[in-house]
Novice: 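Sharing a structure with you now.
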Number of protein chains: 2
Amino acid sequence: MTAPQALLFDVFGTVVDWRTSIAAQVSSALPELDDPYGFADRWRSLYQPSMEEVRSGARDFTRLDDLHLESLRTVLSEFDIQLSDGAVADLNRSWHRLDAWPDSVEGITRLKTRFVVAPLSNGNISLLLDMAKNASIPWDAILGAEPVRAYKPMPDAYLRTADILGLRPDECMMVAAHNSDLEAARDCGFRTAFVRRPSEHGPGQTSDLDASSDWTHSVESITELASTLNC
Amino acid sequence: MTAPQALLFDVFGTVVDWRTSIAAQVSSALPELDDPYGFADRWRSLYQPSMEEVRSGARDFTRLDDLHLESLRTVLSEFDIQLSDGAVADLNRSWHRLDAWPDSVEGITRLKTRFVVAPLSNGNISLLLDMAKNASIPWDAILGAEPVRAYKPMPDAYLRTADILGLRPDECMMVAAHNSDLEAARDCGFRTAFVRRPSEHGPGQTSDLDASSDWTHSVESITELASTLNC
């Protein structure tokens, strides 16, 4: 087995702390709200169902920004909150301004010296690009659902990304905090690295607290992954 | 008119010196060849015709790596040169290993502090990504023909790139050494910057020696563009 050439990262939860970042921005936009974490969690809970419509073929490929906007309007309605269209659009762009976990930028910077580093996220290109500019994440390229028009965990999301890179699947390594993402990537022939993020969903997190399988690597941080891979 | 948000760069000729780089690699791969520049020029002469088949709809979108390979086989045949498939594939990857003009990396690095910087090239993603890694070009994202499945100067190449970025065309600036590229971009509503590269085609160059129109900016180098834009 040759060395991997590219490390492809899940982003929401793996590289960035979406929950704290979204709650902070919700709190700023809606200061009267009692529970910004509850709002963030409810918004995020509509993420998988919104993509499922695309995965099932019920609707054409639609960028995550647009799915996020539809979900936000649903949540605002549930919370009985009225906002101008401009304020809704700005709040929706909170996902472009997420903060990285403390180890992410150093880890990715070190890994970039030996490997291609890129997101393989369900986020759209401008979301990931703005996030990278804001958080100084030094990606080599912005990949993911939009260029391949397929949402993870559909096999096309992984296989078409490898094809774009001109690599065989086993030359690619998926890096994620979610066992299901790694499972789907491994089924496509990717190598796998689990990064434990036990507070992604806050203090009461029950999922992905540990590696559920013998992934190629299992680490506590992206800097630990860099050390493991001699970077 | 608001400030531009993204600077989108033509690459072959504008950011990198393809002719010298290809000739050097041809010379290394085919040491018995008398005129590596002639070989490079002939190979490049098949570039526009090969894309024209895609633009006209005569064939489906095909990556530039594949078009380059077909053109290379044609040129090898014309020069009556036999090579193994592996050697042909490696020579074809010369386009992934082009050297930047001396001002490119400094200029793009400075521009990146204020703007999104990305290629809007007909090169495919892995070609541009490998080139950026080799030449240390700090792109924020790798855009161009492949993500939008349209070759310049088709309007879709420019308009879909702006759409991916979530920007209006007038928030984008095309940076190129080729007047025809800027003409097509301006027709789509982009701002324009002409970078003079009078030796792209060698000492006998006759085309694009000067700006043919009143582009938004006209400069001698990417570092001059950075200074012009206060970077």
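Residue numbers start from 1 in every chain, and the chains themselves are labelled A, B, ... in the order their sequence lines are given, proteins ahead of strands.
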Novice: I'd like to check L143(A) versus I125(B) (side-chain heavy atoms, cut-off strictly below 4.5 Å). Are they in contact?
Specialist: yes
Novice: Determine the option with the most heavy-atom pairs under 4.5 angstrom with chain A, choosing from D163(B), I142(B), I137(B).
Specialist: D163(B)
Novice: Go through L127(A), I164(A), D65(A), L167(A) and name the one with the most non-hydrogen pairs under 4.5 angstrom from chain B.
Specialist: I164(A)
Novice: Counting only non-hydrogen atoms closer than 4.5 Å, does D140(A) touch chain B with its backbone (N, CA, C, O), its side chain (CB onward), both, or neither?
Specialist: both
Novice: Without swapping roles, check the side chain of K133(B) against the backbone of F115(A) for a donor-acceptor pair under 3.5 Å.
Specialist: yes
Novice: For V148(B), which atoms come within 4.5 Å of any heavy atom of chain A: side chain, backbone, both, or neither?
Specialist: neither
Novice: What part of A132(A) gets within 4.5 angstrom of chain B, counting heavy atoms only: side chain, backbone, both, or neither?
Specialist: neither
Novice: Which atoms of L129(A) come close to chain B, meaning under 4.5 Å heavy atom to heavy atom: side chain ones, backbone ones, both, or neither?
Specialist: side chain
Novice: Testing the basics here: between G166(A) and S126(B), what is the closest heavy-atom pair and its distance to 0.1 Å?
Specialist: N-CB, 4.4 Å
Novice: What part of R149(B) gets within 4.5 angstrom of chain A, counting heavy atoms only: side chain, backbone, both, or neither?
Specialist: neither
